[in-house]
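Reckoned from all heavy atoms, side chains included, excluding hydrogens, waters and symmetry mates. Given the structure is predicted, the values throughout are model-derived calculations rather than measurements.
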2 protein chains.
Amino acid sequence: MNFTDFLSSIVPFTDGELKDIVSHFKKETVLKNQTLVRQGEICKTLYFVEKGMGRSYYLNESGKEITQWFFGIGKFMSSVDSFFQQTPSLYYLEVLEDTELYSISKSDIDQLFAKYHKMETMGRLVATEMLTKMVNKLNAIQFQTARERYDYMLAEFPDIAYQVPLGHIASYLGMTQETLSRIRKG
Amino acid sequence: MNFTDFLSSIVPFTDGELKDIVSHFKKETVLKNQTLVRQGEICKTLYFVEKGMGRSYYLNESGKEITQWFFGIGKFMSSVDSFFQQTPSLYYLEVLEDTELYSISKSDIDQLFAKYHKMETMGRLVATEMLTKMVNKLNAIQFQTARERYDYMLAEFPDIAYQVPLGHIASYLGMTQETLSRIRKG
DNA sequence: AAATTCCTTTGACATAGGTCAAATAATGGG
DNA sequence: CCCATTATTTGACCTATGTCAAAGGAATTT
């Protein structure tokens, strides 16, 4: 999904606005397995995924990686609360394959929020959408069996489910990889 | 928490703006156990809780009430996705004790969002805060033991934890009331 | 204040999914 | 293409929490 098209699809920006907004983002390519943010750092950048995918994860007490979220094409990617509150990130952010991103700093996006009322609207709509998705995951995790949670994963991230290591998905779904392996087989 | 003070604490509105914004809300008192929204209805109103508390819940396959969220003093209360997307609500919304609310319709708040850039900013900030809280709950539900989840509840809703029926809290935390009862005892 | 309904506790037992350990299979660097 | 990692599968066993059933308590209603 092209970044400009994405923006237009959310709020009816004019061509001039779009051009100005996009000019504040920097296009960059990041190679597979590269880490964008570490646990404890303040996340300085918000990314839009134009191609590729990423995930956020943290290390639990026993040092195991727990996937917190997947970010596919056409989504904003960041350690959201760290970026917006400028507090230390609870999560690592990494790219799972070669990925093309549009990136912007906190101060730059705040300027855009201040400059364009419509940009603020977009921020609200994106946050609300994310909130809805988070609620869906919560329902899946809280009330569904391991097998149903995997079905939720397939529905929510059809493009991602078959392209990342099984362990990443298992921890995202709150189960062990052994359990997920048995589910996929059965 | 007074509604006007709450608004000022989020974004620096002028007195005139505050007056205009608050004038679009309607103050109302709702009695204990009253239902504000039913599952399947489109949620037409957003509420701000000035006094009292409420919860959202849904009925699962076996007809059991599952608490989805608690709304305490100083929070916006609604079936969020139903209200903002104007889609049928997945949840019931009810008041758990006599409660004082400021209410506003979708079209009225959209007008305020359109009229005041700052109002849009407030919307984004409130949505982001809610998102953060949702992530916290998700982490609790996904990775913590029943006892730790109860500790999370005490931290997140200290004012509510001791004032609502144990069964409401148990379902919110994704455990049975028997388990919660044993935890509280031990 | 008796009756009814709702809420909480307790006990016995069942099970989904976890843990640990080891065997395969797949992947990527030299 | 081979070796060293890294990822996945499989099996045996374990445990936290669920289910079911029933008994006490509290709180409303008449």
Segment of DNA chain D, first to last nucleotide, that comes within the 4.0 Å heavy-atom reach of chain A: dT8(D) to dA12(D)
Pair Thr67(B), Ser171(B): side-chain N/O donor-acceptor within cut-off below 3.5 Å: yes
Stretch residues 171-185 of chain A: residues that reach within less than 4.0 Å of DNA chain D through a heavy atom: Gln177(A), Glu178(A), Ser181(A), Arg182(A), Lys185(A)
Cation-pi between [X] and [Y]: NZ/CZ under 6.0 Å from ring centre and within 45° of the ring axis?
{"X": "Lys137(B)", "Y": "Tyr172(B)", "answer": "yes"}
{"X": "Arg184(B)", "Y": "Tyr150(B)", "answer": "no"}
{"X": "Arg55(A)", "Y": "Phe71(A)", "answer": "no"}

Ring centres under 6.0 angstrom apart (Phe3(A), Phe25(A)): yes
Between Phe48(B) and Phe6(B), ring centroids under 6.0 Å: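 Yes.
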Exercise: identify the closest heavy-atom pair between Gln85(A) and Thr132(B): NE2-OG1, 4.2 Å
More than 12 heavy atoms from other groups under 6.0 Å of CG on Asp15(A):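 Not more than 12 within 6.0 Å, no.
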Length of the line joining Asn33(B):CG and dC7(C):C1', which is rounded to integer Å: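 Atom-to-atom, Asn33(B) to dC7(C), this comes out as 13 Å.
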Nearest-angstrom distance from the residue atom CG of Leu166(B) to P of dC6(C):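 Going from CG in Leu166(B) over to P in dC6(C) covers 17 Å.
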Qualifying residue, where the test is side chain to side chain contact (heavy atoms under 4.5 Å, CB included) with Leu101(B) and the options are Leu36(B), Thr29(B), Thr45(B): Leu36(B)
Candidate pair Phe70(A) and His168(A), rule side-chain contact (heavy atoms from CB on, under 4.5 Å), full reasoning: CA-CA 9 Å; Phe70(A) 291 105; His168(A) 288 4; 4.1 Å; yes
Those residues of residues 143-160 of chain A lying under 4.0 Å from DNA chain C by at least one heavy atom: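 Going residue by residue through residues 143-160 of chain A, the ones with a heavy atom under 4.0 Å of DNA chain C turn out to be Thr145(A), Ala146(A), Arg149(A).
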